[in-house]
Amino acid sequence: MMRFLIKYETNSSDYKNATLNLSSGVTHNGSVCGNDTQAAVLAVQFGEGHSWSINFTKTNETYQADFVTFTYNTNDTAVFPDAKKKGPVTIVVRVTMHPVQVNNVFVCHNTDFLEAENVTQIFWNVTVQPFVQNGTISKKESRCHADMPTSAPTVPPTTANVTTASATTLSPAPTTPPKPVENPDTGNYSLKSGNKTCLLATVGLQLNVSQDKPLLINVNPKTTSADGTCGNTTATLKLNDRNTTFIGFTFVVKNESASAQKFYLKEVNVTLLNRLNGSVISSADNNNFSKWDAFLGSSYMCRKEQTLQVNEDLQIHTFNLWVQPFLVKENKFSTAQECSLDDDSILIPIVVGASLAVLIAIIVVAYIIGRRKSYAGYQTL
C-alpha cells in the first residue's frame, strides 16, 4: 500500500497540500524481472498520469533496493486544484535498505516513508520478492526493523492464571479519571548548511486534535528527527516523530527597511498517520501566520505556553520556545527578543500606576468630603 503527500504551488503563489492515493485501476507496464546482471524493476501506473517504480539489484546471494522514481501529474485537477505549474513532475530518491537474502520475501507491515522535494511517500503492508527462483515464492521472510517485537509476548490465559467469577453479582470496579497529559519534553533541533549551523530551535510541542474525542499528543524529542532547508529569506524546519507525526515550520523575512528587517513564522503544516496502516488521522496547514517575529540576527523566545491554531480541528501548543531561523553564529542563539507573556517587568509599571491612581482618587475624595464639611460648618455659624 502506498500514499503520497505532496506540497504544490497555486496560481496565487500560495502552497497547498495534496494527498494522492492509489486508484483501483493500477497497471504495471515497464516492470522487469531482472537477473544477475540486470536490475529488477517494479513499475506501476495509476490515476491521471501518475507513476511509481522501484529497482532492485542483486549482489552474490543478496538483493536490495537502490532508488525510487515517482511522477505525479499536476494536470489532475481533482488532486491538484489551481496548480500553478502544469504537467508531470518527477523525483528520484535513493533508498537505504539492508541487504536481504535472495531466497527471502521482504515484509514490512508497519509504516515507512521517504521524504524529498516537498513529497512524502508512505508505505505499509509491503510484501515483495525480486529475483524469484524457479518460479516459486519463498516461504522465508525477512522483516523490517519496525516489525520486530519490542516487548515480551503476552502470556495466554490458562487454568492456572484465571480466576473464575462466582454467580453472585459483583460490584463494578471503581472508575478512575483519565490521567492528565503532562507537558511535553523540550527538544533541541538544528539544521546545517554545509558545515555551518543555519537554524536552531528549542521547543516542547503538544498537538491538540479535535475528533470524536479530543486527543492530546506530545512530540517526543528522543524519537524525533529534524530536516529542512535554510535560505536568506526563507527557512523550513521539518520534524518527524516515529514516521507518524510530521510537523513543518516555515519562516520568512519581511522587508520593513534595509536597517530593520524582521523574520516571522508564516506557515505550519501537520500530518498525523496511523502507525499500523499508514492512514491519515489528521492533516492541516496554515500559511497565514504572523507569529514569533524578531529582528533579523536575533532570536525569538517564549518560555510560557503559546497556542498556534492551524485549523479548526488542530492546535499546536508550544512550551519553552527559543528559535533562530537565520544568521546563526558559532552554533549559538543570538540575543533573544522575548514574547510579551514572558515580560513580567511590564506588570510592574502597570501595578504601580494603578496603585497611584487609586491613592490619588482616595485623596481627592477625602479632600472633597473635608471641604463639604467645612463649608457646612461655616453656614451654621
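Quick caveat, the model's predicted, so the values are computed rather than measured.
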Greater than 12 external heavy atoms within 6.0 Å of K86's NZ: yes
Report yes or no: does E48 contribute a side-chain atom to a donor-acceptor pair with the main-chain N or O of N73 at less than 3.5 Å? no
Just so I know, are the side chains of T271 and N269 near enough to count as touching, which here means a heavy-atom distance under 4.5 Å? no
Can you label the angle between the F246 ring and the F113 ring as parallel, tilted or perpendicular, going by 30° and 60°? perpendicular
Closest heavy-atom contact between A235 and P325? CB-O, 3.8 Å
Can you find a heavy atom in the side chain of F131 that is under 4.5 Å from one in the side chain of D36? no
Does V128 belong to the same Ile/Leu/Val/Met/Phe/Trp/Tyr cluster as W52, with side-chain heavy atoms less than 4.5 Å apart forming each link? yes
Would L308 and L265 count as a side-chain contact (heavy atoms from CB on, under 4.5 Å) if you check the C-alpha gap in whole Å, the side-chain angles of each, and the deciding distance to 0.1 Å? CA-CA 11 Å; L308 298 174; L265 175 69; 3.9 Å; yes
Mind checking whether F263 and F326 have parallel, tilted or perpendicular rings, split at 30° and 60°? tilted
Parallel, tilted or perpendicular for F56 and Y63, by the 30°/60° rule? perpendicular
L321 side, atom CG; W292 side, atom CH2 - distance, nearest 0.5 Å: 5.0 Å
Heavy atoms, side chains only, cut-off 4.5 Å: are V105 and T127 in contact? yes
Within this structure, what is the CD-CD distance for the pair Q206 and E182, rounded to the nearest 0.5 Å? 10.5 Å
Could you tell me whether the side chain of T111 and the main chain of W124 form a donor-acceptor pair under 3.5 Å? no
Just checking, any donor-acceptor pair under 3.5 angstrom between side chains of K192 and T197? yes
Does the Q129 side chain pair with the main chain of S138, one donor and one acceptor, at a distance under 3.5 Å? yes
Look only at the side chain of T223 and the backbone of D241, and say whether a donor-acceptor pair between them is shorter than 3.5 Å. no
If only side-chain N and O atoms count, and only distance matters, is there a donor-acceptor pair under 3.5 Å linking T202 with N188? yes
Distance (rounded to the nearest 0.5 Å) between F67 CZ and R94 CZ: 7.5 Å
Would you please test C198 and V328 for side-chain contact (heavy atoms from CB on, under 4.5 Å) and show each step? CA-CA 5 Å; C198 57; V328 177; 5.8 Å; no
F289 ring centre to K266 NZ or CZ under 6.0 Å, with the angle to the axis within 45°? no
Report yes or no: do M2 and V95 belong to one cluster of Ile/Leu/Val/Met/Phe/Trp/Tyr joined by side chain heavy-atom distances under 4.5 Å? yes
Check whether any side-chain heavy atom of R303 sits under 4.5 Å from a side-chain heavy atom of N320, and report yes or no. yes
Determine whether L42 and V26 fall in the same hydrophobic cluster, where Ile, Leu, Val, Met, Phe, Trp and Tyr are linked whenever their side-chain heavy atoms lie under 4.5 Å apart. yes
Atom pair OG1 (T307) and CD1 (I316), whose distance is rounded to the nearest 0.5 Å: 10.0 Å
Are E61 and Q101 packed together at the side-chain level, in the sense that at least one heavy-atom pair is separated by less than 4.5 angstrom? yes
Which of these passes side-chain contact (heavy atoms from CB on, under 4.5 Å) with L207: L216, I217, N218? I217
Which atoms form the tightest heavy-atom contact between P130 and A40, and what is the distance? CB-CB, 4.1 Å
With a 6.0 Å cut-off on the ring centroids, do F4 and Y72 count as close? no
Can you tell me how far the CG atom of N287 sits from the OG atom of S13, to the nearest 0.5 Å? 11.0 Å
Tell me the closest heavy-atom pair linking N17 and Y8, and the distance in Å. C-CE2, 4.5 Å
Atom NZ of residue position K291 - does it have more than 12 heavy atoms of other residues, nucleotides or ligands inside 6.0 Å? no
Taking C-beta and beyond as the side chain, do T62 and Q64 meet within less than 4.5 Å on heavy atoms? no
Test V252 against Y264 for side-chain contact (heavy atoms from CB on, under 4.5 Å), laying out the working first. CA-CA 6 Å; V252 299; Y264 68 99; 3.3 Å; yes
So does Q133 have more than 12 non-hydrogen atoms from other groups sitting under 6.0 Å from CD? yes
Test side-chain contact (heavy atoms from CB on, under 4.5 Å) applied to V219 and D185, I247, N240, V203, the passing residue: I247
So which heavy atom on S334 is nearest to which on W322, and how close? O-CZ2, 4.2 Å
Say you draw a straight line from OG of S210 to CD of Q315; how long is it, rounded to the nearest 0.5 Å? 6.5 Å
More than 12 heavy atoms of other residues, nucleotides or ligands under 6.0 Å from CG of N232: yes or no? no
If you measure only the distance, is there a donor-acceptor pair under 3.5 Å linking the side chains of T57 and D66? yes
Membership question, hydrophobic clusters at under 4.5 Å side-chain separation (ILVMFWY): are F123 and L5 in the same one? no
With side-chain contact (heavy atoms from CB on, under 4.5 Å) as the criterion, how do M97 and F106 come out once you've worked through the C-alpha distance, each side chain's angles and the decisive distance to 0.1 Å? CA-CA 11 Å; M97 177 182 177; F106 176 75; 3.9 Å; yes
Has N60 got more than 12 heavy atoms of other residues, nucleotides or ligands less than 6.0 Å from its CG? no
As a test of understanding, state which of T229, D285, T234, T236 forms a side chain to side chain donor-acceptor pair (under 3.5 Å) with T250. T236
Nearest heavy-atom approach of E115 to K238 is OE2-CD, 3.6 Å
Take atom OH of Y15 as the centre, draw a 6.0 Å sphere, and report whether it contains more than 12 heavy atoms from other residues, nucleotides or ligands. no
With the 4.5 Å side-chain cut-off for hydrophobic clustering, are L22 and V89 part of the same group? yes
Has the side chain of T74 got a donor or acceptor atom that lies under 3.5 Å from a matching backbone atom of F80? no
Give me the atom names and distance for the closest heavy-atom approach of L205 to P184. O-CB, 3.3 Å
